[in-house]
Amino acid sequence: MSTGNLRKRRIIAALALGASGLATLLGLAVLAAILWTLFSRGVAGLSLQVFTQTTPAPGSSGGLINAIFGSIVMTLLGLGIGAPIGIMAATYLSEYGRGEQLSTVIRFINDVLLSAPSIVIGLFVYTLVVLSMGHFSAIAGAISLGIIVIPVTVRTAEDMLRLIPSSMRQASAALGAQPWRSITRVVYPAARSGLLTGILLALARISGETAPLLFTALNNQFWSTNLSQPMANLPVVIFQFATSPYKNWQSLAWTGALLITLFVLALSIIARLISSLFGTGESRIE
Amino acid sequence: MAAVTIPYKQQLRREARAEGVFRVLSKTAALLVLALLAGVLISLLYGGWPALKTFQFGFLTRTIWNPVTEQFGALAALYGTVITSLIAMLLAVPVAFGIAVFLTETCPMWLRNPISTCIELLAAVPSIVFGIWGLFVLAPVLQHTVQPWLIDTLGDIPLIGKLFRGPPYGIGLLTAGFVLAVMVLPFITSVMREVFLSTPRSLKEAAYGLGATQWEVIWDVVLPNARAGVVGGIMLGLGRALGETMAVTFVVGNAHRISGSLLAPGTTISASIANEFTEAVGKLYTSSLIALGLLLFVLTFIIIAGARLLLLRLEARGARI
């Protein structure tokens with residue numbers, strides 16, 4: 001602790017704490033600046049056309065419907081692939097393998113994968129799926145999103161399952177239920193809101209993912225519902241349009257970015273509301 | 001009686017079988033996480049092998065990146081990755097520390113939740129949004145205000161002046177560092193906030209009892225006590241910054257060279273892959289890009305694993321306290 005006189009120490013304290021307040025203002029100002037730009041530029045390009053027409057050629061008018069459709073298809077497929085695997089893996093970590101050495105290792109590796117660069121996942125799926133299929137495809141895009149979903153779901157689902165008191169499992173076991181029945185009929189329902197929050201957060205995470213889609217789903221200028229062919233998707237369209245010199249493409253890129261951000265922010269807020277309204281299992285039971 | 005017992009036994013057997021299946025399924029899913037890590041490593045090694053075999057150790061030490069003559073080296077991209085991430089850390093860590101201090105110490109109680117929610121929402125914004133914001137909003141601002149000022153004031157100072165010379169392009173390593181700083185800010189802030197909150201009350205009260213000011217309690221008691229967690233949080237942010245793709249690709253300039261100036265365009269590993277992969281012709285070109293991906297994966301793995309180990313240790317310690 002400094003030995004200077006009290007006045008000096010108080011001044012230093014006031015300055016430092018003032019600076020911390022300024023840092024907070026700075027952080028909030030950046031968030032506000034990003035959202036403000038996004039709204040003012042995104043709303044300018046927003047019209048009914050965006051939801052009814054496919055992506056245009058440079059200079060002509062059009063919308064984003066094929067990209068919006070592609071994004072919805074691939075994120076839902078990705079969620080369908082990743083979430084069940086993630087929840088099953090979390091079930092092992094929290095129920096069957098609790099306290100085992102293997103679980104500690106898996107938990108650690110999962111935490112590392114959680115922050116691993118998503119572009120590397122894209123390269124992985126490229127060598128695994130795209131090369132063996134011979135071409136880019138929506139299904140490859142969905143698989144790479146699914147791989148990103150797994151660690152997110154494992155982490156949140158395990159946390160939520162662990163919050164369920166073991167007395168509930170014991171009560172179920174005392175009635176003669178096998179562990180799997182206790183898990184599916186007692187533990188999962190009790191952790192329902194927590195599991196849902198985890199899935200929503202995973203959905204938010206992959207909705208804006210661009211890097212892993214660049215060389216798996218690629219892009220498609222046209223309307224396509226064929227999963228084994230390249231498919232348009234919002235993030236890649238935004239990337240391509242924003243870096244182009246065409247004004248109408250840039251404007252659509254902002255609109256697309258606004259749509260994604262609104263969707264992702266809404267998901268995050270809903271996820272928060274669910275976990276605060278319904279508790280996280282713990283508070284509801286006790 | 002027997003008519004009742006037999007279905008009951010059958011049911012028991014069925015239950016036991018289902019139990020076995022469920023257990024195996026859940027263990028398989030858990031093992032899949034490990035398989036995923038192994039799969040990523042093996043596929044990158046396999047894909048990058050032709051480049052690694054051709055250029056050998058020179059792949060790491062050469063800056064040349066010439067698709068025409070098929071000569072590839074990772075140094076320029078590696079340099080850009082490390083420099084942009086370091087700039088991001090230099091800018092983000094003090095601000096994150098400030099926010100964490102404000103949120104845990106000085107902020108009025110009723111404001112704490114709304115502000116932390118806002119900061120965490122910043123983490124939810126997709127990285128591509130940061131990228132286009134960086135390109136259309138931040139880069140012009142930096143080009144017309146911050147960069148000319150840096151060139152005028154710091155450009156003539158010996159040694160560090162070299163870092164701030166050349167024309168203000170707007171896009172380049174410095175701008176990429178700025179965008180990355182904004183991106184990793186919420187991650188570092190939330191880890192710091194958590195570890196600050198975990199400081200035992202008695203420690204702080206003891207320091208106040210000795211007559212310490214609020215700041216002295218933070219700097220001399222809370223911070224040393226949370227050291228491992230703070231370092232862990234910073235490394236976690238660093239890991240994110242190293243691997244971040246879209247936010248950087250827009251603003252880094254995509255030039256495979258190392259110039260002394262931070263204002264000059266450069267490239268990072270992830271930006272090179274994002275920009276060039278689909279257009280890469282020839283086995284060696286593609287393979288070199290995959291080898292870059294391998295390099296990035298190993299680099300971020302080491303940093304993130306280190307961060308997690310530090311945070312794990314803290315969790316264990318926190319449980320003991």
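Remember, predicted model here, so these are calculated numbers, not experimental data. Here is the naming used below: chain letters follow the sequence lines, and residue numbers restart at 1 for every chain.
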(message) For B/Ile132 versus A/Ala257, what's the shortest heavy-atom pair and its separation?
(response) CD1-CB, 4.1 Å
(message) I'd like to check A/Trp180 versus B/Glu15 (side-chain heavy atoms, cut-off strictly below 4.5 Å). Are they in contact?
(response) yes
(message) Return the CG to OG1 distance between A/Leu17 and B/Thr213, rounded to the nearest 0.5 Å.
(response) 8.0 Å
(message) Is there a side-chain contact (heavy atoms from CB on, under 4.5 Å) between A/Thr210 and B/Thr245? Walk through the geometry before answering.
(response) CA-CA 9 Å; A/Thr210 318; B/Thr245 309; over 6 Å; no
(message) What verdict does the side-chain contact (heavy atoms from CB on, under 4.5 Å) test give for A/Glu209 and B/Ser127, after you've listed the backbone C-alpha separation in whole Å, the side-chain angles of each residue and the deciding distance to 0.1 Å?
(response) CA-CA 8 Å; A/Glu209 275 294 351; B/Ser127 63; 5.7 Å; no
(request) Any chance you could lay out the side-chain contact (heavy atoms from CB on, under 4.5 Å) test for B/Thr117 and A/Ile269, step after step, and finish with the verdict? (result) CA-CA 9 Å; B/Thr117 307; A/Ile269 291 169; over 6 Å; no
(request) Under 4.5 Å, counting heavy-atom pairs only, tell me which of A/Ile147, A/Leu93, A/Val154, A/Leu128 racks up the most with chain B. (result) A/Ile147
(request) Would you give the length of the straight line joining atom CG of A/Leu123 to atom CD1 of B/Ile290, rounded to the nearest 0.5 angstrom? (result) 6.0 Å
(message) Need one label for A/Ala116: side chain, backbone, both or neither, based on atoms under 4.5 Å from any heavy atom in chain B.
(response) both
(request) Can you tell me which residue pairs pass the side chain to side chain donor-acceptor pair (under 3.5 Å) test with a partner in residues 249-264 of chain A, sequence neighbours excluded? (result) none
(request) Below 4.5 Å from any heavy atom of chain A, which atoms of B/Thr189 appear? Answer side chain, backbone, both or neither. (result) neither
(message) Would A/Leu22 and B/Phe102 count as a side-chain contact (heavy atoms from CB on, under 4.5 Å) here? Give the steps.
(response) CA-CA 9 Å; A/Leu22 283 180; B/Phe102 183 75; over 6 Å; no
(request) Using a cut-off of under 4.5 Å on heavy-atom pairs, state which of A/Ser268, A/Gly86, A/Ser115 scores highest against chain B. (result) A/Ser115
(message) Please classify the contact between B/Ala16 and chain A as side chain, backbone, both or neither, with a heavy-atom cut-off of under 4.5 Å.
(response) both
(request) Could you look at B/Val40 and say if it's the side chain, the backbone, both or neither that has a heavy atom under 4.5 Å from chain A? (result) both
(request) Counting only heavy atoms closer than 4.5 Å, note whether B/Leu44 contacts chain A via side chain, backbone, both or neither. (result) side chain
(request) Enumerate by number any residue of residues 234-243 of chain B whose heavy atoms lie under 4.5 Å from heavy atoms of chain A; in the absence of such residues, state 'none'. (result) B/Leu236, B/Arg240, B/Gly243
(request) Determine whether A/Leu15 and B/Trp215 make a side-chain contact, defined as any pair of heavy atoms from C-beta on separated by less than 4.5 Å. (result) no
(message) Counting C-beta onward and ignoring hydrogens, is there a side-chain heavy-atom pair between B/Leu122 and A/Leu28 closer than 4.5 Å?
(response) no
(request) State, to 0.1 Å, how close B/Phe250 and A/Ala242 come at their nearest heavy-atom pair, and which atoms those are. (result) CE2-CB, 3.6 Å
(request) Could you check which of B/Val21, B/Val125, B/Ile273, B/Leu31 has the highest count of heavy-atom pairs closer than 4.5 Å to chain A? (result) B/Ile273
(request) On the 0 to 90° scale, with breaks at 30° and 60°, tag the A/Tyr126-B/Phe277 ring pair as parallel, tilted or perpendicular. (result) perpendicular
(request) Examine whether an atom of B/Thr106 lies under 4.5 Å from a heavy atom of chain A, and if so say whether it belongs to the side chain, the backbone or both; otherwise answer neither. (result) side chain
(message) Quick check for you: to the nearest 0.5 Å, what is the distance between B/Leu103 atom CG and A/Ser20 atom OG?
(response) 9.0 Å
(request) Using a 4.5 Å cut-off on heavy atoms from C-beta on, say whether the side chain of A/Glu95 contacts that of B/Ser26. (result) no
(request) Pick one of side chain, backbone, both or neither for B/Leu309, based on which atoms fall under 4.5 Å of a heavy atom in chain A. (result) both
(request) State, yes or no, whether a side-chain contact exists between B/Thr278 and A/Phe136 at a heavy-atom distance under 4.5 Å. (result) yes
(request) Give a yes or no on whether B/Arg112 atom CZ has more than 12 heavy-atom contacts from other residues, nucleotides or ligands under 6.0 Å away. (result) yes
(request) Could you check B/Val33, B/Leu34, B/Ile304 and say which one makes a side chain to side chain contact (heavy atoms under 4.5 Å, CB included) with A/Leu113? (result) B/Val33
(message) Under a 4.5 Å cutoff for heavy-atom pairs, which residue among B/Leu32, B/Ile42, B/Ile115 has the most contacts with chain A?
(response) B/Ile115
(request) May I ask you to name which of A/Asp111, A/Leu265, A/Thr127, A/Leu258 has the most heavy-atom pairs under 4.5 Å with chain B? (result) A/Asp111
(message) My understanding is that only one of A/Val30, A/Thr24, A/Leu26 makes a side chain to side chain contact (heavy atoms under 4.5 Å, CB included) with B/Val95; could you say which?
(response) A/Leu26
(message) Counting only heavy atoms from other residues, nucleotides and ligands, does the tally under 6.0 Å from CZ of A/Arg98 exceed 12?
(response) yes
(request) Under 4.5 Å, counting heavy-atom pairs only, tell me which of A/Leu214, A/Ile85, A/Ile106 racks up the most with chain B. (result) A/Ile106
(message) Shorter than 4.5 Å, heavy atoms on both sides: which option in A/Ser118, A/Gly208, A/Ala14, A/Ala23 has the most such pairs with chain B?
(response) A/Ala23
(message) Only pairs of heavy atoms separated by less than 4.5 Å count here; which of B/Leu185, B/Leu36, B/Leu138, B/Thr28 has the most with chain A?
(response) B/Leu36
(request) Flag yes if more than 12 heavy atoms outside A/Phe108 fall under 6.0 Å of its CZ atom; otherwise flag no. (result) yes
(request) Quick one: pull up CE in B/Met246 and CD1 in A/Ile238 and give me the separation to the nearest 0.5 Å. (result) 9.5 Å
(message) With heavy-atom distances below 4.5 Å as the criterion, would you say the side chains of A/Tyr92 and B/Leu25 are in contact?
(response) no
(request) Tell me, please, which residues at least two apart from A/Phe124 pass ring-ring contact (aromatic ring centres under 6.0 Å, His included). (result) none
(request) State the CD-CD1 distance between B/Glu244 and A/Ile119, to the nearest 0.5 angstrom. (result) 9.5 Å
(message) Under a 4.5 Å cutoff for heavy-atom pairs, which residue among B/Gly47, B/Gly293, B/Pro94, B/Ala305 has the most contacts with chain A?
(response) B/Ala305
(request) Rounded to the nearest 0.5 Å, what's the gap from CZ on A/Arg272 to CG on B/Leu121? Could you check? (result) 6.0 Å
(message) Please enumerate all residues that pass ring-ring contact (aromatic ring centres under 6.0 Å, His included) together with B/Phe187, with sequence neighbours excluded.
(response) none
(request) Name the option with the most non-hydrogen atom pairs under 4.5 Å to chain B; the candidates are A/Leu25, A/Val105, A/Val112, A/Ile87. (result) A/Val112
(message) Quick check: do A/Tyr96 and B/Lys27 have side-chain heavy atoms less than 4.5 Å from each other?
(response) no
(message) Tell me whether the count of non-hydrogen atoms from other residues, nucleotides or ligands lying under 6.0 Å of OH in A/Tyr188 goes above 12.
(response) yes
(request) Below 4.5 Å from any heavy atom of chain B, which atoms of A/Ile150 appear? Answer side chain, backbone, both or neither. (result) side chain
(message) Could you tell me if the side chain of A/Arg41 sits less than 4.5 Å from the side chain of B/Phe136, heavy atoms only?
(response) yes
(request) Let me know if A/Ser207 has heavy atoms under 4.5 Å from chain B in its side chain, its backbone, both or neither. (result) neither
